[in-house]
Amino acid sequence: MKVFLPICLMFFSYLLGSIPFGILIGKLKGIDIRNYGSHNIGATNALRVLGPALGILVFILDFSKGAIPIIITKYIINWPADYPTYLIHPLIYGILAIIGHLFPVFLKFKGGKGISCFAGVMVLYCWQISVIAFLTFIIVFLITKIVSISSMLASLMLIVSYFILGIKDIPLLVMISLMFVLIVYKHRSNIMRLIKGEENKIDFSKKEK
């Protein structure tokens, strides 16, 4: 019985992460965003295809997919002292939400790039390094207008700020290091376009079709 609640929350975290809010919001307007723009289901493509208002809504919803499991497991549940750490560490549930976003069961395991969901996990788990990463994202984006390079540099800054601030949390370090590698891998097509000078910039004045 001791493992029942953690396992239920693990399934919940993955299934929550699997909800394709970008597709659901798009279909409310009769648009499948997978058929336009970068064909991705995430907030950046939603912003391009559906416009800023709905793009921001998709970001908030995807952000919440990562934030909610951390809120529940870190701030709401008072785990008994005899529960093993490998069952109740909040990052376990945050990672499962991200995996759900990347490989959603509802979309035959073909999901987004995980940035918004990852942001939700990080802000609720360790806001200090998240603030530095967010500022990095904003500065790079204001200069380049390119989300992909802003996201990759922000994820790298999570690792840098971890050491700068002297944080002692090995599970966190392992997670942000693995996520940086995964984020770079998921952005490999963006990297090729960046090298060729062909990466799309965000234009808030129009929707992309």
Side-chain angles (χ1 to χ4, degrees), residues 3-26 33-34 40-47 55-79 83-131 133-134 137 147 151-152 154-159 162 169-187:
V3 301
F4 179 74
L5 179 58
I7 289 177
C8 286
L9 285 172
M10 288 178 188
F11 277 107
F12 167 77
S13 298
Y14 171 76
L15 292 175
L16 178 64
S18 293
I19 299 174
F21 285 117
I23 293 177
L24 296 177
I25 297 299
I33 65 172
R34 292 173 295 182
N40 192 268
I41 68 169
T44 301
N45 197 42
L47 187 149
I56 291 171
L57 175 59
V58 172
F59 170 79
I60 292 171
L61 292 171
D62 283 348
F63 180 96
S64 71
K65 295 193 300 188
I68 289 172
I70 301 298
I71 292 172
I72 292 173
T73 58
K74 185 176 183 181
Y75 300 105
I76 293 180
I77 296 179
N78 184 20
W79 296 102
Y83 268 56
T85 302
Y86 66 84
L87 282 178
I88 64 173
H89 197 290
L91 287 180
I92 295 172
Y93 304 93
I95 290 170
L96 285 169
I98 296 170
I99 291 174
H101 184 84
L102 295 171
F103 308 104
V105 66
F106 306 121
L107 298 178
K108 298 180 180 180
F109 307 104
K110 297 179 181 179
K113 295 182 178 178
I115 299 298
S116 302
C117 189
F118 181 38
V121 172
M122 292 310 306
V123 169
L124 271 297
Y125 184 82
C126 185
W127 64 267
Q128 296 94 329
I129 64 175
S130 300
V131 168
F134 176 73
F137 179 93
V147 172
S151 300
M152 288 186 283
S155 64
L156 176 61
M157 188 53 63
L158 287 172
I159 301 172
Y162 174 95
D169 187 330
I170 297 302
L172 174 60
L173 177 59
V174 171
M175 179 192 176
I176 59 179
S177 299
L178 292 176
M179 280 302 302
F180 172 68
V181 173
L182 181 59
I183 286 169
V184 171
Y185 174 76
K186 293 288 285 185
H187 283 82

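Reckoned from all heavy atoms, side chains included, excluding hydrogens, waters and symmetry mates.
- Considering every non-hydrogen atom in both I19 and K65, the closest pair reads O-NZ, 2.8 Å.
- Here the CG-CZ distance, from L87 to F4, works out to 14.0 Å after rounding to the nearest 0.5 Å.
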| Derivation of the side-chain contact (heavy atoms from CB on, under 4.5 Å) call for K113 and V147 | CA-CA 12 Å; K113 295 182 178 178; V147 172; over 6 Å; no
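- Within 6.0 Å of OH on Y185 lie no more than 12 heavy atoms contributed by other residues, nucleotides or ligands.
- Judged by distance alone, with hydrogens and angles left aside, the side-chain atoms of Y14 form a donor-acceptor pair with the main-chain N or O of V105 at under 3.5 Å.
- A distance-only check finds a donor-acceptor pair linking the side chain of N45 to the backbone of I33 [under 3.5 Å].
- The shortest side-chain heavy-atom distance between I77 and I88 does not fall under the 4.5 Å cut-off.
- Between C8 atom SG and M10 atom CE the span is 10.5 Å, to the nearest 0.5 Å.
- Annotation: side chain of P69 is in contact with side chain of L16 (closest heavy-atom distance under 4.5 Å).
- In terms of heavy atoms, G55 sits closest to A43 at O-CB, 3.9 Å.
- At a threshold of 4.5 Å between non-hydrogen side-chain atoms, the residues V174 and L91 do not count as touching.
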| said: Could you walk me through whether I68 and F12 satisfy the side-chain contact (heavy atoms from CB on, under 4.5 Å) test, starting with their C-alpha distance in whole Å, then the side-chain angles of each, then the deciding distance to 0.1 Å, before giving a yes or no? | reply: CA-CA 10 Å; I68 289 172; F12 167 77; 4.2 Å; yes
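- Shortest non-hydrogen contact noted between I176 and L158 is CD1-O, 3.6 Å.
- Taking all atoms of both residues into account, the shortest heavy-atom contact from N40 to G111 is ND2-O, 4.3 Å.
- With values rounded to the nearest 0.5 angstrom, I115 atom CD1 is found 11.0 Å from D62 atom CG.
- Checking side-chain atoms of W79 against main-chain N and O of T73 turns up a donor-acceptor pair under 3.5 Å.
- Taking 4.5 Å as the limit, some side-chain heavy atom of Y93 sits within range of a side-chain heavy atom of P6.
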| message | The test is side-chain contact (heavy atoms from CB on, under 4.5 Å); show your working for L124 and Y75 and say whether it passes. | response | CA-CA 9 Å; L124 271 297; Y75 300 105; 4.3 Å; yes
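- Nearest heavy atoms, I183 versus S155: CD1-CB, 3.8 Å.
- The CZ atom of F180 sits 10.5 Å away from the CZ atom of F118 when rounded to the nearest 0.5 Å.
- Residues I95 and L178 fail the side-chain proximity criterion, which asks for heavy atoms closer than 4.5 Å.
- Scanning all heavy atoms of the two residues, the minimum distance from P90 to K74 falls at CG-CB, 3.8 Å.
- Between the OG atom of S116 and the CZ atom of F21 there is a distance of 11.5 Å, given to the nearest 0.5 Å.
- Two residues are said to be in side-chain contact when any heavy atoms from C-beta on lie closer than 4.5 Å; L102 and L182 meet this criterion.
- Proximity of D169 to Y125: side-chain heavy atoms (C-beta onward) are separated by under 4.5 Å at one or more points.
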| Worked check of side-chain contact (heavy atoms from CB on, under 4.5 Å) between M179 and V121 | CA-CA 12 Å; M179 280 302 302; V121 172; over 6 Å; no
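- Taken to the nearest 0.5 Å, the CD1 atom of I25 stands 4.5 Å off from the CG atom of L57.
- Contact check for M122 versus L172: side-chain heavy atoms found under the 4.5 Å cut-off.
- The number of heavy-atom neighbours closer than 6.0 Å to CZ of F106, taken from other residues, nucleotides and ligands shown, is above 12.
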